[in-house]
Asker: 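This is the structure I want to talk about, given as structure tokens.
When a ligand or atom number is given, it counts from 1 through the structure's own listing order. Just the heavy atoms: all of them, side chains too, but no hydrogens, waters or symmetry mates, feed the values below.
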Amino acid sequence: MKEVTYSSTRGDSARLTASMAILKGLAADGGLFVPDSIPALDKSLKELAEMDYQGLAYEVMKLFLTDYTEDELKKCIAAAYDSKFDTEEIAPLSESCGSYYLELYHGATIAFKDMALSLLPHLMTTAAKKNGLDKEIVILTATSGDTGKAALAGFADVPGTRIVVFYPKSGVSPIQEKQMVTQRGANTMVVGIHGNFDDAQTGVKKIFGDAGFAAELDKKGFVFSSANSINIGRLVPQICYYVYAYTRLLKEGRIADGEEINVCVPTGNFGNILAAFYAKNMGLPVKKLICASNTNKVLFDFFESGTYDRNREFHVTTSPSMDILISSNLERLIYYIAGCDADRCAELMRELSSDGKYTIKDSEKAGLSDFYGGYADEKETSEQIARIYSESGYVIDTHTAVASYVCDQYKAKTGDKTPVVIASTASPYKFTRSVMNSIDPEYDKKTDFELIDDLAKLSNTAIPQAIEDIRTAPVLHKTECDIDEMKQVIEGFLK
Ligand SMILES: *Cc1c(COP(=O)(O)O)cnc(C)c1O
């Protein structure tokens, strides 16, 4: 098998093995790691259709994580995709109102982040062993709500690791917050910051880039890494479920071998849809990558105009995990559409950090032709939940509803009849109040836990364990801080 190495989107010439790129998280020059080439699937879609999730995940990931042995990778996969998921299919497909919903929320924390974060701690501790790392790994994570809990659940009590999560104190759903602040594990810390997700992510990136701080911690026996989707170890596991979705449709005879599908993804940091882009470039027959945004439609505007401009009002919406104005992973796409020219990518990223915006050339814009951008505002999102429920009895969460709306809009606008797989990124139980209010505003009078019981009846689904767990769990984390205090908080935790 061809070895794949990783280098920075911004020009640092170091070429790292997959395991080192996963350990480091972010390149030294602030860029993101990208593979030096995108490998092609080496099994036919028909062969992959005969495999279970774990087997297929191995076939996809072995092509990217080439310095892991077969035994190492298979052990990581077996430990990740086990009974923590409430279905053996791991990522089941559900057909509703003319689209296929790929339910990525059957893991421990009931959001799609579990798909990668159940695996990342295993990839990372295996990487530490392989590379003879003798330091304790400190995972720094900024979260818009779901990454935080999924990363905490993945790293809690994992020997040789600690994890610090920063979330926007007033920018997550009540259930998201309760999930995080009740996290057990002596190696965990959860901090509410007085700012939004972009502030948290920028703060974390700044700490990663602080060489003096890194040297100080190195002396104390610590090394930083990231569990955000800037880590290539987050992205690679996400490629698998697109291949899985395609091969399930093939197996069930819903599509013919080689027939194209469209993929529609509710997008924030651009990680999930970038994974679909990688799947397409590995040879999966995908036609359009439909990028769905909420009111924070910075990506929609970028696909329309070629200008990325974060200088705008930030909206807190009912799909908080997409309330993002700086989509980190877009940097990887920029690198590709610039013809893998890292200097050009670095130039645009400098403009983004100094002016808050950049404009790509027409020749670069041509590289975006596989993408379609759309968005749904709050009313459209809410009405979509109500419509899908009334027409089919299927209940989707607010993030999935944004994608569902944009998908319908795309179909109506283009007349494209290609089958669509919509990434269903969170369980409706995670955003119960917004979901139930969409179905009937009368629900707003009830308490969060009453609503959960009502949702179970209405959708005829079992209440997920993750929700049962927080009903009575004590709050264990109460730390809050200002944006400029993040470093001190970390120092305090590592004392
Ligand atoms: C994180 C998240 C998203 C956005 O995914 P990105 O990879 O950041 O684009 C969408 N929906 C939910 C529920 C999420 O948790």
Asker: Please identify each residue that fulfils side-chain contact (heavy atoms from CB on, under 4.5 Å) with Thr87, with sequence neighbours left out.
Answerer: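 By the side-chain contact (heavy atoms from CB on, under 4.5 Å) rule, Thr87 matches Glu89, Pro92, His106.
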
Asker: Under the 3.5 angstrom rule, does the side chain of Thr432 hit a backbone N or O of Ile452 as a donor-acceptor pair?
Answerer: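 No; judged by distance alone, with no hydrogens or angles, the pair does not exist.
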
Asker: I'd like to know if Lys430 and Asp397 make a salt bridge, using a cut-off of under 4.0 Å between side-chain N and carboxylate O.
Answerer: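 Salt bridge: no.
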
Asker: Can a salt bridge be assigned to the pair Asp448 and Lys178 using a cut-off of 4.0 Å between side-chain N and carboxylate O?
Answerer: no

Asker: List, ordered by chain and residue number, the protein residues whose closest non-hydrogen atom lies under 4.0 Å from any atom of ligand 1.
Answerer: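 Correct list: Phe112, Lys113, Asp146, Pro266, Thr267, Gly268, Asn269, Phe270, Gly271, Asn272, Ser321, Met322, His399, Thr425, Ala426.
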
Asker: Is it the case that the side chains of Thr359 and Tyr308 hold a donor-acceptor pair, with the cut-off being a distance below 3.5 Å and no angle test?
Answerer: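 No donor-acceptor contact under 3.5 Å links the two side chains.
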
Asker: For Tyr372, is the NZ or CZ atom of Lys288 found under 6.0 angstrom from the centre of its six-membered ring and inside 45 degrees of the ring axis?
Answerer: no

